[in-house]
Structures are given as structure tokens and as C-alpha cells.
Amino acid sequence: MSAANTRKRPWIYVGLGLALVVLLVVPASLPSPGVYRAWHVCRVCGLERATVDYRIPATRVTLSSRATDRVTAYAQAYAEAGGDDHVHDLAFMSGHGNGITCALGRDRDLQRSADDPDRGALLRGLFAREASPDLRRIYAEQVLAQEQPPVLPDDRDALARGPRPDVICHLDARIAAEVFQATLDEQHLALERGLAALLAARSEAR
């Protein structure tokens with residue numbers, strides 16, 4: 001064997017090694033065909049759920065699926081404040097894969113809201129004041145869904161006890177109008193005395 005051939009052989013090994021790295025690493029870094037990933041948030045408690053669906057490529061036929069839950073600040077507040085067990089009402093946030101570059105849900109702002117600690121603090125205060133499971137659920141849904149973050153009093157203890165702070169008064173009035181379709185007089189009642197007073201007045205009027 002000539003000296004020239006001996007000198008060339010190490011470069012052949014280097015080339016084979018690089019080719020092997022490309023074959024192993026590059027496919028692993030590319031999106032897997034048929035894999036669809038999506039994120040959802042529960043409209044009630046704010047729990048975030050990430051799902052991975054293994055589908056037949058370019059179809060919606062799902063062969064298997066797995067899910068991972070993340071406890072957001074809102075979900076933690078809901079649980080610690082004594083929120084009822086419920087079937088998660090999952091709103092679609094976003095997704096990609098299996099031919100879909102980027103899908104966005106109309107309720108995607110819930111994902112940011114669920115990580116807002118001020119919303120969680122407000123929910124704790126509302127649950128401390130209200131024992132009705134029905135009103136608690138309405139509060140949970142409405143606090144999470146409201147567009148603007150709540151403006152809380154400097155004294156956070158005022159959320160749970162004492163006179164209702166402005167943030168709760170205005171929330172009650174808004175819920176009365178939007179959820180209960182209240183009249184102006186009923187909205188004023190909810191503003192002054194709360195949703196429980198509004199429902200009690202309606203019950204007495206029947």
C-alpha cells in the first residue's frame with residue numbers, strides 16, 4: 001500500500017463519521033410527521049393542559065395521545081380556596097404540527113390570565129366571601145375571562161373580609177349585567193350588596 005493511500009484513509013473515516021452524525025442528529029431535530037401538539041386552558045380553574053397526538057400524517061386520525069397538566073397560579077388559587085371538583089372545560093389556546101404551522105384559539109388570552117397572580121388573589125377573596133357553588137363557578141369563570149387584570153386594594157386582606165372593595169363591587173355589577181341580564185335597578189343592587197343579594201331579591205319576587 002502506498003504512503004499516499006495511507007495518508008488519505010483518516011479523511012475517509014472522518015467523512016464517514018460526519019455522515020453518521022448527520023443521519024442521526026438532523027432527523028431527530030426536524031418536526032416528526034404526524035405529531036400534533038396543542039395547549040388548552042380550563043375556563044373554570046385555569047389549569048393548563050398540553051397534549052401530543054400521534055396521527056396518521058396529513059390526517060386527523062389519531063393513533064395515540066398523551067396529556068400533561070400544568071398547575072397555573074390561578075389553578076393553584078382555585079384549589080387552595082376550596083374550588084369544587086369539575087370536568088375541565090378546556091379552551092383551545094394554540095397548536096402546531098402534522099402540517100399545521102401555527103393554529104391560534106380565540107380564547108388564547110386565557111393562558112396569560114391563568115398565570116396572573118392578581119386574578120388568583122381576587123379569586124381567593126371571592127371564595128372566602130361566597131359559599132354558593134354556583135356563584136363560585138361564575139366568579140371563577142368571569143375573573144379568568146375578564147380582559148383587563150384586576151386592580152386590587154393595597155390591603156389584600158380586604159378582598160376576603162370587611163366591606164366589599166371596589167374591585168368586587170364593580171365585578172358584581174358587571175356579572176349582573178352580562179351573565180344575569182339584570183335591569184339597571186338590579187345592577188345597582190349587585191353593586192351595593194353583591195350577587196347573592198340580587199339572586200335573593202329575584203327569588204322573593206317570584
Side-chain angles (χ1 to χ4, degrees), residues 39-49 69-94 104-206:
W39 289 263
H40 304 77
V41 169
C42 177
R43 294 184 178 90
V44 179
C45 70
L47 182 82
E48 181 182 296
R49 175 166 295 171
D69 291 343
R70 181 175 73 88
V71 179
T72 62
Y74 199 79
Q76 182 175 355
Y78 180 91
E80 293 178 352
D84 288 346
D85 292 337
H86 59 283
V87 176
H88 292 301
D89 183 9
L90 296 173
F92 173 70
M93 301 293 104
S94 62
L104 297 176
R106 64 181 182 179
D107 295 323
R108 59 186 179 276
D109 288 340
L110 290 182
Q111 198 165 28
R112 181 175 56 214
S113 298
D115 285 321
D116 179 9
D118 286 351
R119 293 176 194 262
L122 176 56
L123 186 69
R124 292 175 193 270
L126 290 165
F127 277 21
R129 291 174 177 272
E130 181 55 61
S132 165
D134 292 338
L135 284 182
R136 280 187 166 193
R137 181 174 179 119
I138 290 173
Y139 276 134
E141 293 173 338
Q142 293 298 313
V143 171
L144 184 62
Q146 65 183 11
E147 294 183 2
Q148 299 299 323
V151 179
L152 304 184
D154 293 334
D155 180 10
R156 298 299 175 89
D157 290 340
L159 293 170
R161 60 183 63 90
R164 291 157 56 245
D166 288 345
V167 64
I168 293 181
C169 292
H170 293 300
L171 175 65
D172 283 343
R174 181 178 65 79
I175 292 175
E178 296 179 1
V179 177
F180 293 105
Q181 303 297 307
T183 65
L184 289 178
D185 287 342
E186 289 177 326
Q187 292 175 41
H188 182 73
L189 175 62
L191 178 69
E192 295 296 323
R193 296 174 53 194
L195 291 179
L198 166 62
L199 296 181
R202 282 187 170 183
S203 179
E204 292 175 1
R206 289 174 183 170

Pairwise side-chain contact, R202 with E186, heavy-atom cut-off 4.5 Å (strictly under) | yes
Kindly determine whether V41 and Y74 satisfy side-chain contact (heavy atoms from CB on, under 4.5 Å), including the steps that lead there.
-> CA-CA 11 Å; V41 169; Y74 199 79; over 6 Å; no
Determine the minimum heavy-atom distance between V167 and P153, stating which atoms define it.
-> CG1-CD, 4.3 Å
So, do E141 and V179 sit near enough that their side-chain heavy atoms are less than 4.5 Å apart?
-> no
Between R119 and L144 the two heavy atoms that sit nearest each other are NH1-O, 3.5 Å
Which atom of R129 lies closest to which atom of P163, heavy atoms considered = NH2-O, 3.3 Å
Roughly how far, to the nearest 0.5 Å, is CG of D172 from CZ of R164?
-> 4.5 Å
Could you tell me whether the side chain of Q187 and the main chain of A182 form a donor-acceptor pair under 3.5 Å?
-> yes
Do D155 and R161 sit within salt-bridge range, that is, some charged N less than 4.0 Å from a carboxylate O?
-> no
Check the surroundings of atom CZ in R156: do more than 12 heavy atoms from other residues, nucleotides or ligands lie under 6.0 Å from it?
-> yes
Would you call P149 and D118 a side-chain contact if the rule is heavy atoms closer than 4.5 Å?
-> no
Hey, what do you get for OG (S113) to CD (Q148), rounding to the nearest 0.5 Å?
-> 10.0 Å
Have a look at W39 and tell me which of Q111, R108, R49, R70 forms a side chain to side chain contact (heavy atoms under 4.5 Å, CB included) with it.
-> Q111
Closest non-hydrogen atoms of A128 and A160, given as atom of the first, atom of the second and distance, are CB-CB, 3.7 Å
Are side-chain heavy atoms of I168 and P165 found at a separation under 4.5 Å?
-> yes
Starting at CG of L126, measure out to CG of L195 and round the result to the nearest 0.5 Å.
-> 9.0 Å
Nearest-0.5 Å distance that lies between atom SG in C42 and atom CG in D69 | 10.0 Å
Side-chain donor-acceptor pair under 3.5 Å between D84 and Y78, yes or no?
-> no
Evaluation steps, side-chain contact (heavy atoms from CB on, under 4.5 Å), between L135 and L199 = CA-CA 10 Å; L135 284 182; L199 296 181; 3.7 Å; yes
At what distance, to the nearest 0.5 angstrom, does CZ of R137 lie from SG of C45?
-> 9.5 Å
Nearest heavy atoms of A197 and L189, plus distance in Å = O-CD2, 3.8 Å
Give a yes or no answer on whether the side chain of R136 reaches the backbone of E130 with a donor-acceptor pair at less than 3.5 Å.
-> yes
Spell out, as yes or no, whether a donor-acceptor pair under 3.5 Å connects the side chain of Y139 to the backbone of L122.
-> no
Over all heavy atoms of both residues, which pair between L110 and A145 is shortest? Give the atoms and the distance, please.
-> CD2-CA, 3.9 Å
How about H86: does its NE2 atom have over 12 heavy atoms from other parts shown lying under 6.0 Å from it?
-> yes
Going by an N to O cut-off under 4.0 Å, is there a salt bridge joining R43 and D107?
-> yes
Can you list the residues that meet the ring pair (Phe, Tyr, Trp, His ring centres under 6.0 Å) rule with F92, with sequence neighbours excluded?
-> H40
Apply side-chain contact (heavy atoms from CB on, under 4.5 Å) to the pair E48 and M93, showing each step before the final yes or no.
-> CA-CA 9 Å; E48 181 182 296; M93 301 293 104; over 6 Å; no
Could you please spell out the steps behind the side-chain contact (heavy atoms from CB on, under 4.5 Å) verdict for D166 and V151?
-> CA-CA 9 Å; D166 288 345; V151 179; over 6 Å; no
